[in-house]
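Let me begin by presenting the structure, written as structure tokens, before commenting on it.
Both ligands and their constituent atoms are indexed starting at 1 by order of listing.
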Amino acid sequence: MAVTIKGTGSFLPEKVLTNFDLEKMVDTSDAWIRERTGMSERHIAENDTVASMSTEAAKKALEDAGKDASDVDLIIVATCTGEVMVPCTACKVQAEIGADNAVAFDINSACSGFLFALQTAAAYISSGMHRNALIIGAEMLSSIINWEDRSTCVLFGDGAGAAFVEKCEEGRGILSMAHGSNGAKGGVLYFRKKEADPAKEDEYEGKDAFVHMNGAEVYKFAVRQVPDCIEKVLSDAGLKASDVDHFVLHQANIRIIEAISKRLGVGMDHFPVNIEKTGNTSSASIPLLLDELNKSGKLKDGDTMVLSGFGGGLTYGACVLKW
Ligand SMILES: CC(C)(COP(=O)(O)OP(=O)(O)OC[C@H]1O[C@@H](n2cnc3c(N)ncnc32)[C@H](O)[C@@H]1OP(=O)(O)O)[C@@H](O)C(=O)NCCC(=O)NCCS
């Protein structure tokens, strides 16, 4: 059974933190951040939470799909920064929007989260277990950043994006999907909730409750693994990279996206980006960009898209979707 995205929505917090603001906080410069990452500003949640941002994005996706909350069968929130562990953020969203008929749960696979939520929803819907799903990627990375560490604090932002997913006619929607994980490389990008016991050695070197990243290793992983995964889904769908209208990739770093465009031999005009204004919002980045493209009318009926997420875990995945 074919499955597609019927509506999108997003939410960005009001406060904007620019590179110039960061210059006043750590030893960095607007030029360094723009050259190395492509980012100029990012949104930071002050009065919002992961649950409230998820709820706003979810309501807009339902509106865009022309659905009522009572129609929703399944709610999946992809997040690794929810303020409350139990109950999960998806249950909070269910209560807030009044989706009384839905089952709700979260998944945590960092920056691959939204893609994995989409694949999970597609698997449930094509099995016949659920008719539809509201999937959300939402993060408040500002809450787990060490604002004194220039190597990480310039990279991330907050926000949420959502999509309503439902069955569709054959030959449309998701044509192929693939995903993978490499847990042995988990130490390359991680954060822990609690400070570790300094007496106990473990694979995670940092003892504090902040994001730690080996930027160069993450970069190498992304530029090798992501094009391979994209080539696999394209080949499974019987397509070539040149057949794709839009590559909607996780917005981690403009240089990663440029390297992937080069590896696939497709110009950057097929790689929409919004990283300049949002920074890396982890699981929120793909649905934020998707909603921007959808609402600005850039997605035409029948367009071929590749969605791809990658990040902590390490995890990665991609799918081909006929809009
Ligand atoms: C993080 C990243 C931008 C760093 O770029 P880079 O070119 O590899 O830079 P390096 O880490 O080699 O650091 C170069 C220098 O800049 C310095 N630097 C690091 N952050 C800086 C900042 N914000 N401002 C100014 N200088 C900075 C480093 O200390 C280093 O100085 P040194 O040479 O004196 O030691 C890059 O590795 C990257 O994009 N990695 C992928 C990260 C990512 O996308 N993660 C999320 C994936 S989901």
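Those atoms of ligand 1 with a heavy atom of V218 less than 4.0 angstrom away are 43 (C), 45 (N), 47 (C). Listed by atom number, the atoms of ligand 1 under 4.0 Å from H250 heavy atoms are 48 (S). Against a heavy-atom cut-off of under 4.0 Å, N280 is close to the following atoms of ligand 1: 46 (C), 48 (S). If you number the atoms of ligand 1 from 1 as listed, the ones under 4.0 Å from a heavy atom of V154 come out as 23 (N). Those atoms of ligand 1 that come under 4.0 Å of a heavy atom in F310, given as number and element, are 48 (S). Each of the following atoms of ligand 1 lies closer than 4.0 Å to a heavy atom of G311: 48 (S).
Partners of F191 under the ring-ring contact (aromatic ring centres under 6.0 Å, His included) rule, at least two apart in sequence or in another chain, do not exist in this structure.
Below 30°, between 30° and 60°, or above 60°: for F310 and H250 the angle between ring planes is above 60°, a perpendicular geometry. Between F247 and F271, the ring planes are parallel. Angles under 30° get that label, and only those over 60° would be called perpendicular.
Within the 4.0 Å cut-off (strictly below), a protein heavy atom is located near atom 6 (P) of ligand 1. Under the 4.0 Å distance rule, the nearest protein heavy atom to atom 32 (P) of ligand 1 falls outside the cut-off. Distance check for atom 24 (N) of ligand 1: a protein heavy atom is found below 4.0 Å. At least one protein heavy atom sits closer than 4.0 Å to atom 21 (C) of ligand 1.
Proximity of A216 to ligand 1, defined as any heavy-atom pair under 4.0 Å, is confined to the backbone N, CA, C and O atoms. Only the side chain of I256 comes within 4.0 Å of ligand 1, judged by heavy-atom distances.
Looking from atom 14 (C) of ligand 1 to the surrounding protein, the closest heavy atom is R36 NH1, 3.7 Å. Looking only at protein heavy atoms, the nearest one to atom 48 (S) of ligand 1 is C111 SG, 3.3 Å. Scanning the protein for heavy atoms near atom 39 (O) of ligand 1, the closest one is N253 ND2, 2.4 Å. Looking only at heavy atoms of the protein, atom 36 (C) of ligand 1 is closest to R255 NH2, 3.7 Å. In terms of protein heavy atoms, atom 40 (N) of ligand 1 is closest to G215 O, 2.9 Å. Of all protein heavy atoms, the one closest to atom 45 (N) of ligand 1 is M213 SD, 3.1 Å. For atom 44 (O) of ligand 1, the nearest protein heavy atom (residue, atom name, distance) is A252 CB, 3.4 Å. From the protein, the heavy atom lying nearest to atom 17 (C) of ligand 1 is R150 NH2, 3.5 Å.
A side-chain N or O of N294 and one of T8 form a donor-acceptor pair less than 3.5 Å apart. Remark: the D291 side chain and the S10 side chain contain an N/O donor-acceptor pair separated by less than 3.5 Å. Using modelled atom types, one finds no donor on one side chain facing an acceptor on the other under 3.5 Å when comparing T281 with E139.
Within the 4.5 Å cutoff, no side-chain heavy atoms of L249 are placed close to those of V273. In this structure, the side chains of C153 and L22 come closer than 4.5 Å at one or more pairs of heavy atoms. Contact annotation: the side chain of D158 never approaches that of D48 to less than 4.5 Å [non-hydrogen atoms, C-beta and beyond]. Using a 4.5 Å cut-off on side-chain heavy atoms (C-beta onward), M305 and L299 make contact. Using a 4.5 Å heavy-atom cutoff, the side chains of E166 and I125 are not in contact.
T89 places no side-chain N or O within donor-acceptor distance of the main-chain N or O of G82, the cut-off being under 3.5 Å.
Residue I33 places no heavy atom under 4.0 Å from ligand 1.
Criterion: ILVMFWY side-chain heavy atoms under 4.5 Å apart, direct or through other members. Under it, I275 and F156 are part of a common hydrophobic cluster.
Here the shortest heavy-atom distance to atom 18 (N) of ligand 1, taken over F221, F156, Y219, W32, belongs to W32.
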